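These numbers come from a predicted model, not from an experiment. For the single chain, residues carry numbers from 1 onward in sequence order. Both backbone and side-chain heavy atoms feed into the values below; hydrogens, waters and symmetry mates do not.
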Amino acid sequence: TGSGQQSVTGVEASDDANSYWRIRGKSDSSCQRGTPVKCGQAIRLTHVGTGKNLHTHHFPSPLSNNQEVSAFGDDGEGDDLDFWIVQCSGTYWEREDAVRFKHVGTEVFLSITGEQYGHPIRGQREVHGMPAANHHNYWKAMEGVFIKPSADPAKHDEL
């Protein structure tokens with residue numbers, strides 16, 4: 001049911017290779033690698049394995065009947081329903097911070113409440129959008145590659 005787009009699910013394991021997302025800026029502005037993400041900034045989250053963006057729209061989710069969250073687009077290019085505002089407590093999103101993601105177009109919060117799929121993705125939890133901020137929509141980066149910005153963005157020290 002729903003839109004027919006690729007499902008987005010959550011798992012308990014923090015080291016699941018299929019759980020990696022790349023943070024990207026809005027498509028109409030540049031986003032230098034290593035630039036800190038500001039609280040209140042609009043971002044795109046692109047799934048590393050598929051190249052699809054975290055997306056939502058006005059379709060009910062199949063298990064909880066909240067708003068469906070899907071993976072959409074090709075090679076990181078999707079549409080204007082791929083943008084999320086980072087809500088955090090300081091100036092920048094820090095590595096240990098629990099943050100919320102509020103969808104720009106529909107104003108729902110990226111959430112997970114525990115509903116689990118059966119066959120063929122048994123044990124994976126439904127990720128969906130909820131209209132209100134609550135304890136189900138905090139997210140934390142558990143692992144990944146964190147790049148510090150260089151003092152001189154024109155100078156690169158990698159090959």
### Message
Let me check something: do L45 and V104 share a hydrophobic cluster, defined by ILVMFWY side-chain heavy atoms less than 4.5 Å apart, either directly or through other members?
### Response
no
### Message
Could you tell me if the side chain of F59 sits less than 4.5 Å from the side chain of S70, heavy atoms only?
### Response
no
### Query
For the atom pair CG (D74) and OG1 (T50), what is the distance rounded to the nearest 0.5 Å?
9.5 Å
### Query
Do you know the tightest heavy-atom contact between Q41 and P36?
OE1-O, 4.0 Å
### Summary
In terms of heavy-atom contacts, V108 and W84 come closest through O-CZ3, 4.1 Å
### Task
With the side chain counted from C-beta on, respond yes when H57 and Q5 share a heavy-atom pair under 4.5 Å apart, and no when they do not.
yes
### Task
May I ask whether L54 and I43 are part of the same hydrophobic cluster, defined by side-chain heavy atoms of I, L, V, M, F, W, Y residues being less than 4.5 angstrom apart, directly or through others?
yes
#### Entry: Nearest heavy-atom neighbours spanning P62 and Y117
CG-OH, 3.6 Å
### Message
Looking at every heavy atom in both C39 and G90, which two are closest together, and how far apart are they?
### Response
SG-O, 3.1 Å
### Co-membership, hydrophobic cluster, residues F101 and V8, 4.5 Å side-chain
yes
### Query
How far apart are the closest heavy atoms of G129 and V69, and which atoms are they?
N-CG2, 3.6 Å
### Query
What's the spacing between W139 CH2 and F109 CZ if we round to 0.5 Å?
13.5 Å
### Message
Contact between Q124 and Q116 at the side-chain level, heavy atoms closer than 4.5 Å - yes or no?
### Response
no
### Query
Once you round to the nearest 0.5 Å, how far does NE2 of H55 lie from CG of L81?
5.0 Å
### Message
When you compare the side chains of N53 and T46, does any donor N or O come within less than 3.5 Å of an acceptor on the partner?
### Response
yes
### Message
Between E77 and R24, does the salt bridge (Lys or Arg N to Asp or Glu O under 4.0 Å) criterion hold? Intermediate values first, please.
### Response
CA-CA 11 Å; E77 298 308 318; R24 301 174 64 218; 3.4 Å; yes
### Query
Does T113 offer a backbone N or O that forms a donor-acceptor pair with the side chain of R125 under 3.5 Å?
no
### Query
Could you give all pairs that pass the side-chain hydrogen bond (donor to acceptor under 3.5 Å, both in side chains) test and reach residues 91-104, with sequence neighbours left out?
R100-N137, R100-Y138, H103-T106
### Query
If you measure only the distance, is there a donor-acceptor pair under 3.5 Å linking the side chains of E126 and S64?
yes
### Query
Of the non-hydrogen atoms in V48 and R22, which two are nearest, and what is the gap between them?
CG2-N, 4.0 Å
### Message
Main chain of A17, side chain of S19: is a donor-acceptor contact present, judged purely on distance under 3.5 Å?
### Response
no
### Task
Assess the side chains of S61 and E68: does a donor N or O sit below 3.5 Å from an acceptor N or O?
no
### Query
Say you draw a straight line from CE of M130 to CG of N66; how long is it, rounded to the nearest 0.5 Å?
5.0 Å
### Interatomic spacing from CZ in F72 to OG1 in T56 - rounded to 0.5 Å
12.0 Å
